J.: 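Handing you a structure now.
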Amino acid sequence: MTRRSCPCGLPDAYEACCGRYHSGAAAAPTAEALMRSRYCAFVRGDAGYLLRTWHPRTRPARLEPDPGMRWTGLEILDTVDGSAFHSTGTVEFRASYRGGSLHERSRFERVGGAWVYVDGEFPA
């Protein structure tokens with residue numbers, strides 16, 4: 001049996017990578033780790049995790065991922081701050097899907113010690 005890497009693009013298996021964040025066994029230690037785990041949650045259709053990791057100030061009342069969407073890869077383009085020593089961070093990424101890609105610069109903040117997604121902008 002071949003070991004598959006996590007959908008977030010890192011070489012570890014899902015359970016050892018983003019799966020531990022999705023299950024609540026661990027919290028993402030950096031803004032980039034949270035970004036990767038949120039991408040993975042979109043791949044898996046895990047709306048609960050996406051809502052739990054969204055800043056209360058900007059979180060939608062509900063979220064229904066498109067079951068027909070086929071995400072095909074994640075590329076981290078840049079990170080600014082977002083480590084254990086910061087309270088905010090920015091991650092710029094390109095998420096590919098069948099038929100196109102999404103380029104976003106996402107902002108993250110710590111709330112109660114945990115990283116959460118605030119919002120994003122779409123660079124030209």
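All values derive from a computational prediction rather than experimental measurement. What's counted below: heavy atoms across the whole structure, side chains too, no hydrogens, waters or symmetry copies. Residue numbers count from 1 along this sequence.
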J.: Applying ring-ring contact (aromatic ring centres under 6.0 Å, His included), name anything that partners Tyr14, two or more places apart in sequence or on another chain.
T.: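 For Tyr14, the residues satisfying ring-ring contact (aromatic ring centres under 6.0 Å, His included) (neighbours in sequence not counted) are His22.
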J.: Linking I/L/V/M/F/W/Y whenever any side-chain heavy atoms sit under 4.5 Å apart, do Leu102 and Val43 land together?
T.: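 Yes, it is one cluster - the side chains of Leu102 and Val43 are joined through contacts under 4.5 Å.
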J.: For Arg36 and Glu32, indicate whether the former's side chain and the latter's backbone hold a donor-acceptor pair under 3.5 Å.
T.: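 Here the side-chain-to-backbone pair does not exist.
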J.: Is any side-chain heavy atom of Thr72 closer than 4.5 Å to a side-chain heavy atom of Ser96?
T.: yes
J.: Roughly how far, to the nearest 0.5 Å, is the CZ atom of Arg107 from the OG1 atom of Thr88?
T.: 8.5 Å
J.: Does the Lys NZ or Arg CZ of Arg38 fall within the cation-pi geometry relative to Trp54 - under 6.0 Å from the ring centre and within 45° of the axis?
T.: yes
J.: Let's go through Arg70 and Tyr97 carefully: what are the C-alpha distance in whole Å and the side-chain angles of both, what is the deciding distance for side chain to side chain contact (heavy atoms under 4.5 Å, CB included) to 0.1 Å, and is it a yes or a no?
T.: CA-CA 5 Å; Arg70 295 292 173 251; Tyr97 55 88; 5.9 Å; no
J.: Closest heavy-atom contact between Leu51 and Pro60?
T.: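 In this case the closest contact between Leu51 and Pro60 is CD2-O, 3.7 Å.
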J.: Once rounded to the nearest 0.5 Å, what's the spacing between atom CH2 of Trp115 and atom NE2 of His86?
T.: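 Those atoms lie 7.5 Å apart.
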J.: Just so I know, are the side chains of Met35 and Leu74 near enough to count as touching, which here means a heavy-atom distance under 4.5 Å?
T.: yes
J.: Kindly give the heavy-atom pair with the smallest separation between Cys8 and Tyr39, and that separation in Å.
T.: CA-CD2, 4.0 Å
J.: Going by salt bridge (charged side-chain N to carboxylate O under 4.0 Å, His left out), name the residues that satisfy it together with Arg105, two or more places apart in sequence or in a different chain.
T.: Glu92, Glu121
